[in-house]
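Some notes on the structure that comes next.
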Number of protein chains: 2
Amino acid sequence: MKSLVLLVEDDIDLATTIIDYLQLEDIICDHAANGAACLQLIYENQYDVILLDVNMPRMDGLTVCKTLREQGVETAILMLTARDTLEDKLAGFHAGSDDYMVKPFEMLELVARIQVLSKRRSGQSMLLNVDELKVNFSEKAAKRAQRDVLLSPTGWILLETLMRKSPQVVSRRQLLQAVWGDESPDSNSLKVHLFKLRQQIDAAGETKLMHTIVGQGVVLRKKIDG
Amino acid sequence: MKSLVLLVEDDIDLATTIIDYLQLEDIICDHAANGAACLQLIYENQYDVILLDVNMPRMDGLTVCKTLREQGVETAILMLTARDTLEDKLAGFHAGSDDYMVKPFEMLELVARIQVLSKRRSGQSMLLNVDELKVNFSEKAAKRAQRDVLLSPTGWILLETLMRKSPQVVSRRQLLQAVWGDESPDSNSLKVHLFKLRQQIDAAGETKLMHTIVGQGVVLRKKIDG
DNA sequence: ACAAGGGTTAACGAAGGGTTAATAACAATT
DNA sequence: AATTGTTATTAACCCTTCGTTAACCCTTGT
């Protein structure tokens, strides 16, 4: 499975180099140039690993790391820094990072460490949530508020696809691909599966979390205004 | 919480130094002087982290690491070695290690990395229990509440697999793999074994601990949902 | 109004899973 | 060597759940 990582790095040249390289290795890499942008992206996406530069102008990497941990973000964090003294490393681990690499580093080693960190996470309880909807994929347990959400195998695939992209809209084309790969049956089947999924996620009287955007696709999010 | 680690290192002096140091940091450290002893200890104990020296006389660290992973051991492995070339590191990660430290290293950094690796694991010890179900695998003794649970060899494999992953769902694919490896019988043998296991674990009138999730697999947990 | 996209429903065959019993393989004992 | 008890595999049967389809309805934009 492809890894999705976030690179937080103020040096644009270095960032570009890293991003380009990771793409070749099937690692999708978002980029934030500073701590604030980082927090925003983490709120919107579900990353496997966060690559965090320590030396950044306003909010430094250690602070970002601590902040994330305090907010309950459990995503694996790999610190990237030119500082290689023991004190710096310990400070990094103490702030809650999972790994620490000293610049300049080899790209292949970075790739290897990213893969280890994302593997760890997928082995653990893979937890996603959108507003009231909390889903644990490894336990195959989904809840909306207090209520159990019961899903068929196809329902799980659709839910996972929608949650991973949330709050982005997912086209029906992508959903077909996610469930059936290249050979999909009569497209009406997807309609039925989406109907059943919607029944489970948005029960009578609840605020809708699953929205259809005509001609665009389906999206899972709190409000539809975006 | 105290960590339990296994140090696999043929240099007795270095091993002693490390063990003594780790003890000061509340890390209990077993020692194996070679690969064979290592495999035996891992079979008997449930370690948080395995510290693995690469340069060892008979069976080298990389081979030990690969062997462990092939046998399904998922314990975090930290490689310790004097080799610091990129190829060596990549070989380490490729063999299935989780981290890599180059000698000579700082003890404090070793401690920090051990703590990160043990934090990540979900707290499982050799004496496993899921609610009323208490199992000692080394003695092959299982009890549900006061009642003895009697199992066949296959039953033990299934139970161990399910308990190790609990509360995660284990697919039938994984169970087949756990019992028969790559060549499984071509019938519903697994169904029958699961049936018998279920009879033992959930006797008449008791709350079900073993659940089937259609299309997903089997889980051992108290309730089907939080 | 009408076409297109999407929602809803019921029905049926397919697949997944539970249960039972018979048989085969195996080990330990006599 | 024969007996006994345990375990593994197979097949047959049944029930439940899932996926797909077709038919029909509703909404929206032109």
Side-chain angles (χ1 to χ4, degrees), chain A residues 140-142 148-162 169-206 208-220 224, chain B residues 140-142 148-162 169-204 206 208-220 224-225:
Chain A
K140 289 287 182 287
D148 287 341
V149 173
L150 303 173
L151 298 173
S152 67
T154 313
W156 279 103
I157 298 173
L158 290 174
L159 180 60
E160 178 163 4
T161 310
L162 288 170
V169 178
V170 184
S171 72
R172 291 175 121 86
R173 183 79 197 76
Q174 289 173 293
L175 292 173
L176 285 171
Q177 175 68 30
V179 177
W180 292 283
D182 290 324
E183 286 192 38
S184 35
D186 185 342
S187 70
N188 202 2
S189 192
L190 180 60
K191 286 203 294 188
V192 177
H193 284 301
L194 285 173
F195 171 66
K196 288 176 179 166
L197 179 58
R198 193 178 288 109
Q199 276 185 317
Q200 287 297 316
I201 290 180
D202 300 324
E206 292 176 330
K208 298 272 174 274
L209 287 181
M210 193 170 154
H211 309 275
T212 298
I213 296 177
V214 181
Q216 301 299 312
V218 182
V219 66
L220 219 51
I224 197 167
Chain B
K140 289 274 183 288
D148 283 335
V149 173
L150 304 172
L151 297 174
S152 66
T154 314
W156 278 103
I157 297 174
L158 290 174
L159 179 61
E160 180 161 3
T161 310
L162 288 169
V169 176
V170 186
S171 71
R172 288 174 127 85
R173 181 77 198 73
Q174 289 174 295
L175 292 173
L176 284 172
Q177 174 69 31
V179 178
W180 293 283
D182 289 325
E183 288 190 35
S184 36
D186 55 324
S187 78
N188 56 2
S189 190
L190 179 61
K191 286 203 293 189
V192 178
H193 283 117
L194 285 173
F195 174 65
K196 288 176 179 164
L197 179 59
R198 194 179 285 109
Q199 277 184 317
Q200 287 297 314
I201 290 181
D202 299 324
E206 292 177 330
K208 298 270 174 276
L209 289 181
M210 196 170 153
H211 308 276
T212 297
I213 298 181
V214 180
Q216 306 297 335
V218 183
V219 203
L220 221 49
I224 198 75
D225 252 310

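Proteins come first, then strands; the chains are lettered A, B, ... in the order of their sequence lines, and each starts at number 1.
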Does [X] make a side-chain N or O approach to OP1 or OP2 of [N] shorter than 4.0 Å?
X: A/T154; N: D/dC18; result: no
X: A/W180; N: D/dG19; result: no
X: B/S189; N: D/dT9; result: yes
X: A/S152; N: D/dT17; result: no

Strictly under 3.5 Å: I want the nitrogen or oxygen pairs between protein and nucleotides 10-13 of chain C, one per line.
none

Using whole Å, what does the distance between atom [atom2] of nucleotide [N] and atom [atom1] of [X] come to?
X: A/F195; N: D/dC18; atom1: CZ; atom2: C1'; answer: 16 Å
X: B/I157; N: D/dT7; atom1: CD1; atom2: C1'; answer: 12 Å
X: B/Q200; N: C/dT19; atom1: CD; atom2: C1'; answer: 16 Å
X: B/L197; N: D/dA8; atom1: CG; atom2: P; answer: 12 Å
X: A/Q199; N: C/dT9; atom1: CD; atom2: P; answer: 7 Å
X: B/L190; N: D/dT7; atom1: CG; atom2: C1'; answer: 15 Å
X: B/H193; N: D/dA8; atom1: NE2; atom2: C1'; answer: 5 Å
X: B/N188; N: D/dT9; atom1: CG; atom2: P; answer: 11 Å

Rounded distance [0.5 Å steps], [atom1] in [X] versus [atom2] in [Y]:
X: A/L158; Y: A/L151; atom1: CG; atom2: CG; answer: 9.0 Å
X: B/I213; Y: A/L150; atom1: CD1; atom2: CG; answer: 9.5 Å
X: B/N188; Y: B/K191; atom1: CG; atom2: NZ; answer: 4.5 Å
X: B/L162; Y: B/L194; atom1: CG; atom2: CG; answer: 7.5 Å
X: A/L197; Y: A/L175; atom1: CG; atom2: CG; answer: 9.5 Å

Set of residues satisfying side chain to side chain donor-acceptor pair (under 3.5 Å) with respect to A/S184, sequence neighbours excluded =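 Testing A/S184 for side chain to side chain donor-acceptor pair (under 3.5 Å), a comparison that skips the adjacent residues, returns none.
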
ask   = Which pairs count as side chain to side chain donor-acceptor pair (under 3.5 Å) when at least one residue sits in residues 172-182 of chain A, sequence neighbours excluded?
value =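 Listed by first then second residue: A/S171-A/Q174.
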
query = Please, which pairs that meet side chain to side chain donor-acceptor pair (under 3.5 Å) have at least one residue in residues 193-202 of chain A, sequence neighbours excluded?
reply =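 Residue pairs passing side chain to side chain donor-acceptor pair (under 3.5 Å), neighbours aside: A/R144-A/D202, A/R198-A/T212.
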
List, with names and distances, any nitrogen or oxygen atoms from the protein found under 3.5 Å away from nitrogen or oxygen atoms belonging to nucleotides 14-17 of chain C.
| from | atom 1 | to | atom 2 | distance (Å) |
| --- | --- | --- | --- | --- |
| C/dG17 | OP1 | B/G215 | N | 2.9 |
| C/dG17 | N7 | B/K191 | NZ | 3.3 |

Set of side-chain contact (heavy atoms from CB on, under 4.5 Å) partners for A/I157, sequence neighbours left out =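 Result, side-chain contact (heavy atoms from CB on, under 4.5 Å) vs A/I157: A/T161, A/A178, A/V179.
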
query = Between A/L194 and B/L194, who's closer to the 5' end of DNA chain C by nearest nucleotide?
reply =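 So the residue in question is A/L194.
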
